[in-house]
Amino acid sequence: MVILHRTSNALKWYRLTLCRYKYRLNHPGVHIPHGVQYQTPYNLPDEYADHPLYPPIRPKYPPGSWGSMDSKKAWMHFELGEKYYRHLKSVKERLTIMAYQNMMCYYDKLDVEQIDSKLIWMVNGRPRSPRSLPFYKHITRTHVTDELPKFYEQMDVESLLNYVKPVLIERILANEYAQKDDIPLEDMYDKGDYKISSIINEKQLKIDQQRTTNVLTNMIRTIINVLAEHKPYLRKTLIGSDVPIEAWWSLNLNGEKYDRAKWHHDQNTTSFQFRDKAAVQVKTSRPLRSIVDPNSSLCQTPVPLCSYHPPAFKVFTDRYLPMQIPGHWHGEGHDFNLLSMYSMDSIYKYDSYFNEDELLPSLMSWMVNTGHAELLAQAYYLGFSMWREPTYPLIAQLVLSNRRQWIFGVYQLNTIGHFKPHDAQITSNICWVSPLMNLYDRIENGELINFNDNILRQLLRFILNEPIMEPNWNLTPYVEDLTNLDERYKKFIRNLYEVVKLEKQDSRDHHRWAKISHDTTVFNRRYAMMTTLFKDIVFDNWPREWYGRTLEKIERKKNMPLFKEYDLLMPVTR
């Protein structure tokens, strides 16, 4: 019985193998000629092409120079810049979105709205630490030379010097003698109170800065009034005092690890915000001619990296809205600066520990900071940005003075794309700085002893540097024509930009988290109200991720208060 059972199993295995081979012969995958019928081919359409019409393969990097940046981050930055310029029609919208992007809003688990305000490194004109010139050159991508351009030596101002000098000396003496210390009544007699020296020094510093502003303003007004008869472009200039200068930019870390103030779009970048005031500023409606060609060897000079972090140079973080203010609000005209003068009285009050060999590099740092910030904000007002490099160089003429000591500088802005790695930045910005000079030694018997004519010569050359009245290039190539825009859209742009001009954009009681209330987050409440009133424009023209948090509530079917639509006819002053 056992033998028969084994034989039956062998027969079964033999028959199964034969069946498998039989079906395999008829399988279409075996290329053996046999009579199996195959499926007829499909009929191709008439528009069939001989070559495949696939969409083009995206290159590894977007157009431009990106250096060692990761290809995904490079495309992220490129698409972010395209989105800013594809959807936003005006510069005012771009400035408003730039301010709002630092205020990240979301809802917590209890459905309460929270605000996460990003940190920014805050800098001003005066350096707070000695030997900080390499750091400021690094964060602004600036190459510094210790002499002024030879272009100014070709200007003959001797006849004007002899004509203006007596008038100017008389004005300087009148201002110096007229500005006497006003002693308060309570300080005329000793009450026995202890006076803190730091408070006294702070009051004296404000008095000195105000004196410097008055003297510089009177000097500039006198010179322009004298020269305006023969120089028509000086008749249309605007002269301002105590002018605010603010600028924001993003800087690539180049492999450094910063624990704070990282830009939320790219964690390998950090943000800087400049805030200062110019004592005097002269503005025109046409640009100055470039000093050197951006493609020259001087502009190709590499700027060395600075491996030290900002706190090493007494630069710290704060929560602030990114702002661009070159001395005026957008739309006021006169977008180009002819001359900017700053009071340097504070460098002797706060930085008395500077040695003589450290004073000039500190003043060079001051020139680099103010020149870069002033032209950077000016570039944003002209339609350029970190994603759209300036198509022509921007020039700034700068003066630092404390009424007796003077130093001159010229800054040429060639690039503002600092978010790219250091090896991707081929072109650098240039800053020319003169030596520190004394206008006079002292005042005796109503006369200025040892008056320096070279300072007056250079000041006249700065003012006589005539702008290009009819440039043969487009000054605003990335700004669209808004003349045919809908009136409602124009009202929306005007109202939204007025929100940026608020005196206190973010006055929260807490440093990091805060609930929306009546006395906090003024900028966010006004921004939410504007986007609610003009929600049809926002939904039709803005990308989805730019909807304000109020519009997010509308989408979530939350009951919102009804606001009366209005127009901000009176501008909000700072």
Tyr342 and Val399, any side-chain heavy atoms less than 4.5 Å apart: no

Beyond-backbone contact of Trp121 with Tyr258, side-chain heavy atoms, under 4.5 angstrom: yes

Check: His372 ring centre within less than 6.0 Å of His418 ring centre: yes

Centroid-centroid under 6.0 Å between Trp66 and Tyr61 rings: no

With sequence neighbours excluded, what pairs up with [X] under the side-chain contact (heavy atoms from CB on, under 4.5 Å) test?
X: Glu389; result: Thr415, Ile416
X: Asn369; result: Tyr136, Phe274
X: Lys206; result: Glu202
X: Thr427; result: Cys299, Gln300, Asn414

Salt bridge (charged side-chain N to carboxylate O under 4.0 Å, His left out) contacts in which one or both residues fall within residues 136-149, not counting sequence neighbours: Glu147-Lys150

Sequence neighbours excluded, every pair satisfying salt bridge (charged side-chain N to carboxylate O under 4.0 Å, His left out) that has a member inside residues 420-436: none

Residue list, salt bridge (charged side-chain N to carboxylate O under 4.0 Å, His left out) with [X], at least two apart or on another chain:
X: Arg388; result: Glu82
X: Glu480; result: none
X: Lys73; result: Asp266
X: Glu470; result: none

Exercise: identify the closest heavy-atom pair between Ser428 and His143: OG-CB, 4.2 Å

Closest approach of Pro435 to Ile407 (non-hydrogen atoms, all atoms of both residues): O-CG1, 4.0 Å

Which residues share a ring pair (Phe, Tyr, Trp, His ring centres under 6.0 Å) with Phe316, sequence neighbours left out: none

Residues in ring pair (Phe, Tyr, Trp, His ring centres under 6.0 Å) contact with Phe408, at least two apart in sequence or another chain: Phe462

Any side-chain donor paired with an acceptor under 3.5 Å for [X] and [Y]?
X: Asp335; Y: His330; value: no
X: Gln397; Y: Tyr152; value: yes
X: Asn252; Y: Thr269; value: no

Partner of Gln281 by side-chain contact (heavy atoms from CB on, under 4.5 Å), out of Ile220, Asn337, Leu339: Asn337

Partner of Ile430 under side-chain contact (heavy atoms from CB on, under 4.5 Å), chosen from Thr301, Leu298, Thr142: Leu298

Check: Gln412 side chain, Ile291 main-chain N or O, donor-acceptor pair, under 3.5 Å: yes

